[in-house]
Amino acid sequence: MAGRALICGGSIGGLFAAAMLRRAGWEAVVVERSRTELSGRGAGIVTHDLLNGLIRAAGAATDDLGVSVTERVAFDRTGGRVATLALPQIVTSWDRVHSALRALVPDGAYRLGQSVTGSRQTAGGVALALDGGHTMEADLVVGADGFRSAVRGQMHPEVQPRYAGYVVWRALAHEADLPVTVRDAVFDPFGFYLPHGTQIIGYPIAGPGNDLRPGHRRYNFVWYAPVAEADLADMLTDDSGQRHEITIPPPLVRAEVLDRMQAFARAHLSAPFLEILARSERPFFTPIYDHLSPSFADGRVALAGDAACVARPHVGMGVTKAAGDAEALARHLAIGPVTEALARYSAERVAAARIAHDTGQRLGRYIFAGSPGDNPDGRTNPNLAAIMAETAVVPAGLT
Ligand SMILES: Cc1cc2nc3c(=O)[nH]c(=O)nc-3n(C[C@H](O)[C@H](O)[C@H](O)COP(=O)(O)OP(=O)(O)OC[C@H]3O[C@@H](n4cnc5c(N)ncnc54)[C@H](O)[C@@H]3O)c2cc1C
């Protein structure tokens, strides 16, 4: 029986949950901590049939979703081709997916500037506590409040994200700003640069306003770089000396941190990717963490998306996993009482998340496979074929 659901977090995971539950007849209200509408700075998201089907199941269209890439190419340090693989995919952006889902939830059911502090299960429902002392009542709470989830913190206080030893730098360059030689060499395919100890992937995405016309697109630059835990603490400290936990807002990254990154890039990256980085808007970094909650439900409270599990971005399953959580939630809730439905949901989705989580870890370990000094120019990566075939592809067992 459908009832009232409160969804904590209004990003992609929360919006998928709201859209799927609304389609199943639930009254779904999203509470989002941010005071302003969210924006993802255009970061790229790789799609496939599984994700496209889930977007449509939520009620959004998948026309003009993004840029079509047909092949994958690994480049060496000079920009020469090392290997190619035919693999057609549509590459979209976080903003494109978020805005399509946001349009499915009426403004009255999407409440900005409300921060969840915890929940309390009552005899026939659940009470959600908000910052400021206000409480909301519902039949179901969904914690889609990201990998530092307050909802998970209450459900599984022992679960803490573990730093993986490297960060991802991301940046966007406008196609029109790139030299013709760089555009011709690397812009169109899904590109890789795979020397020992670091990794670049990159691909074209839409330009501002979902502009898909050649010449108006952007290049999505993704660079995994090792950072020791002690150095990470310094990178997370802003100019005022404040140390940020886990991530730092991009505008607060100190100039010297960016300078060090550029120097490291000059020493290690391949020529065309260096050009792209040099012409990008301000790069920003995200430390890579692992976490997988042992269960995704307790009574009438469920976890979904990154709150439940973070799979490293190599596997490209974060959005798909969040969408799959939402679909399974609505499907199980259609049968029987809420607590029983959530128990079945948890069993199904922990197993699915583990596949994505473990695949992401394995792909991450490939960055550091072999010995330092091996494969300095990206030509002899021992796992080249697996990296090219499995990055941002639905792992076997999840299709
Ligand atoms: C480099 C990189 C590349 C990626 N590439 C891909 C890809 O190709 N494909 C893919 O599928 N995924 C990719 N991902 C992952 C993907 O972006 C996320 O997994 C996905 O967006 C799911 O996020 P979420 O909504 O669960 O959590 P989040 O996006 O973290 O959202 C959580 C929301 O909850 C809000 N919130 C937090 N605390 C509270 C609170 N107490 N009260 C109320 N609101 C709160 C936050 O403000 C936020 O809006 C990538 C990630 C990275 C870092």
Side-chain angles (χ1 to χ4, degrees), residues 6-18 30-48 50-52 54-55 66 89-95 97-98 101-102 110-119 128-132 141-154 161 164 166-171 190 199 201-203 205 220-224 246-247 283-289 303-326 353 356-357 360 364 391-394 398:
L6 294 174
I7 294 158
C8 312
S11 177
I12 283 179
L15 286 173
F16 264 119
V30 176
V31 287
E32 165 55 47
R33 179 176 60 186
S34 170
R35 293 179 190 283
T36 55
E37 289 284 350
L38 302 175
S39 138
R41 298 179 298 274
I45 299 291
V46 183
T47 75
H48 27 65
L50 179 60
L51 177 57
N52 293 342
L54 288 164
I55 292 173
Q89 280 180 308
I90 303 286
V91 220
T92 185
S93 65
W94 189 97
D95 292 308
V97 177
H98 186 269
L101 296 172
R102 177 69 186 84
Y110 190 86
R111 313 224 176 127
L112 289 165
Q114 304 209 339
S115 191
V116 172
T117 55
S119 63
L128 189 68
L130 300 170
D131 205 16
V141 160
V142 180
D145 49 346
F147 86 130
R148 283 186 285 174
S149 167
V151 177
R152 187 193 67 240
Q154 185 175 353
Y166 58 104
V167 305
V168 57
W169 283 97
R170 286 182 283 171
F190 189 116
Q199 180 179 113
I201 64 167
Y203 43 79
I205 65 167
N220 185 58
F221 172 92
V222 178
W223 173 30
Y224 298 99
I246 303 201
T247 57
F284 61 98
F285 76 91
T286 311
I288 302 296
Y289 291 93
L303 299 173
D306 283 6
C309 167
V310 169
R312 296 188 196 177
H314 315 289
V315 68
M317 284 299 291
V319 171
T320 309
K321 192 164 63 54
D325 289 345
H357 173 271
T391 295
V393 166
V394 181
L398 282 185

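Every number for a ligand or one of its atoms is a count from 1 in the order of the listing. Residues take their numbers from the sequence shown, with the count starting at 1.
- The N/O atoms of T286, backbone and side chain alike, include none that comes under 3.5 Å of an N/O atom in ligand 1.
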| message | Between I55 and F16, does the side chain to side chain contact (heavy atoms under 4.5 Å, CB included) criterion hold? Intermediate values first, please. | response | CA-CA 8 Å; I55 292 173; F16 264 119; 3.9 Å; yes
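- When heavy-atom distances to ligand 1 are checked against a 4.0 Å cut-off, A144 comes that close only through its backbone atoms N, CA, C and O.
- In terms of polar-atom proximity, V319 is counted as a contact of ligand 1, with an N or O under 3.5 Å from an N or O of the ligand.
- Within the 4.5 Å cutoff, the side chain of Y224 has heavy atoms near those of the P313 side chain.
- Looking only at side-chain heavy atoms (C-beta outward), Q89 and V393 come within less than 4.5 Å of each other.
- Less than 4.0 angstrom separates some heavy atom of W94 from each of these atoms of ligand 1: 21 (O).
- Ligand 1 has at least one atom lying under 4.0 Å from a heavy atom of Q114.
- At a 4.0 Å heavy-atom cut-off, ligand 1 touches V31 through the backbone alone.
- Within the structure, ligand 1 has L38 among the residues with a heavy atom less than 4.0 angstrom away.
- When only interatomic distances are considered, the shortest N/O to N/O separation between V116 and ligand 1 falls below 3.5 Å.
- Counting heavy atoms from C-beta on, the side chains of V222 and R170 come closer than 4.5 Å.
- Judged purely by atom type and a 3.5 angstrom limit, S11 has no side-chain atom pairing as donor or acceptor with the backbone of G13.
- A search for ring-ring contact (aromatic ring centres under 6.0 Å, His included) contacts involving F147 returns Y289, not counting sequence neighbours.
- The contact set between ligand 1 and G305, taken as ligand atoms under 4.0 Å from a residue heavy atom, comprises 26 (O).
- Distances from ligand 1 to the non-hydrogen atoms of A392 include no value under 4.0 Å.
- Near G13, meaning under 4.0 Å from one of its heavy atoms, ligand 1 places the atoms 24 (P), 25 (O).
- The residue from P313, S34, A150 that puts a heavy atom closest to atom 50 (C) of ligand 1 is P313.
- Applying the ring-ring contact (aromatic ring centres under 6.0 Å, His included) rule to H48 yields no partners; only residues at least two apart in sequence or on another chain are considered.
- Listed by atom number, the atoms of ligand 1 under 4.0 Å from T320 heavy atoms are 11 (O).
- Of the N or O atoms in S11, one or more lie within a sub-3.5 Å distance of an N or O in ligand 1.
- Among the atoms of R170, none of the N or O lies under 3.5 angstrom from an N or O of ligand 1.
- At a heavy-atom cutoff of 4.0 Å, ligand 1 is contacted by no atom of K321, backbone or side chain.
- Contact annotation for C8 and ligand 1: no heavy atom of the residue comes within less than 4.0 Å of the ligand.
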